[in-house]
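Just so it is clear: chains get the letters A, B, ... in the order the sequence lines come, proteins before strands, and each one is counted from 1. Here the structure is a predicted model, which means the values were calculated and not measured.
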Amino acid sequence: MSEKKVTCGDVMNHICESLGEELATQRCKEIRAHLKECTCCQQYFESVEMTIDFYKNYNFTASDDVCKNLLKKLNLE
Amino acid sequence: MDEQKLIELAKAGDRKALGDLVKKYTQTIYNFAYKICRDKEKAENTMSETFFSMVKAIHQFDGNSKLSTWLYRIVVNHCFMLARADKSHLFNDPETDEGLFDDRYFTDWSSLPLKNVENEELRRVLDDAVSQLAPEYRIVFMLRDVEGNSTEETAEITGLTIAAVKSRLHRARAFLRKEITKAFQK
Ligand SMILES: [Zn+2]
């Protein structure tokens, strides 16, 4: 065990590493334990995940004309 | 045909293979450029510039990184150039944003009217939030979280250290989350 107790602030600072990455160190285990117990951090965590999902699903498509023009400009028709 | 083979052919001067590579990445690059520039015309220009560079320099591509990493790097450089030229826009710097982890924003999102991105209001809020984010944060967030590059790849594309990628990513996420909460708390 590390001497310092995990605080909400630590968890939020750690979310960067814990999203989509390995949570294997002792510190990470403590953070996971805190996250399990603390509603505040859970909500934070979930809302960050939702934020990412929103942007992931918000996409833009180039029209057929744009694609055709690109190939023409590049001389690759 | 697999990408490796296409790249070899393109490097040897095969125009058809080069065209196939361009087609393969057109939507990815356009979508990414749009998300960074927030403007249709700029996104189209950035995409053209990127593929011009690719066509010109494909023979120098060494295959040490993925082709997509290489393309993203060209887009990012182009977008940074555009952002530097555009002095009219004031961005929010999450580094100095004191309220990023303020208690006020620790609400339960399950009560917010956030179902899906087809929702017009949500789209507007997402646009507003991300437009306020300084480009160097927006780019890291898009590359790592939205496009799904690894932290290492994001560092390679942007020329940042891994620690810098992580810290910017963390702050960009917190900033966007805060802005979305604020918009729906009104
Ligand atoms: Zn907590």
Co-membership, hydrophobic cluster, residues B:Ile139 and B:Leu82, 4.5 Å side-chain: no
Plane angle bin for A:Tyr55 and B:Phe141 - parallel if under 30°, tilted between 30 and 60°, otherwise perpendicular: perpendicular
Region of B:Thr26 in contact with chain A, defined by heavy-atom distances below 4.5 Å: side chain
Distance-only side-chain donor-acceptor flag, B:Arg177 / A:Ser47, under 3.5 Å: yes
Can you tell me how far the [atom1] atom of [X] sits from the [atom2] atom of [Y], to the nearest 0.5 Å?
X	Y	atom1	atom2	answer
A:Thr51	B:Lys178	OG1	NZ	12.5 Å
B:Tyr34	A:Thr61	OH	OG1	10.5 Å
A:Lys73	B:Phe52	NZ	CZ	6.5 Å

Quick check: closest heavy atoms across [X] and [Y], and the distance to 0.1 Å?
X	Y	answer
B:Tyr30	A:Ala62	CD2-N, 3.3 Å
A:Cys67	B:Gln27	SG-NE2, 3.7 Å
B:Lys35	A:Tyr58	CE-O, 3.0 Å
B:Val146	A:Lys56	O-CG, 3.6 Å

Pairs where residues 46-66 of chain B contributes a residue and the test salt bridge (Lys or Arg N to Asp or Glu O under 4.0 Å) is met, not counting sequence neighbours: B:Lys66-B:Glu153
Side chain to side chain contact (heavy atoms under 4.5 Å, CB included) assessment of A:Ile52 paired with B:Arg173: CA-CA 8 Å; A:Ile52 294 170; B:Arg173 286 165 171 171; 3.6 Å; yes
A:Phe60 backbone acceptor or donor facing B:Asn31 side chain under 3.5 Å: yes
Heavy-atom proximity to chain B below 4.5 Å, by part of A:Leu71: side chain
B:Leu176/A:Phe54 under side chain to side chain contact (heavy atoms under 4.5 Å, CB included): CA gap, chis, key distance, verdict: CA-CA 11 Å; B:Leu176 293 171; A:Phe54 288 150; over 6 Å; no
Leading residue by heavy atom contact count with chain B [cutoff under 4.5 Å; candidates A:Asn75, A:Asn69, A:Leu70]: A:Leu70
Flag side-chain contact, heavy atom, 4.5 Å: B:Ile180 against A:Met50: no
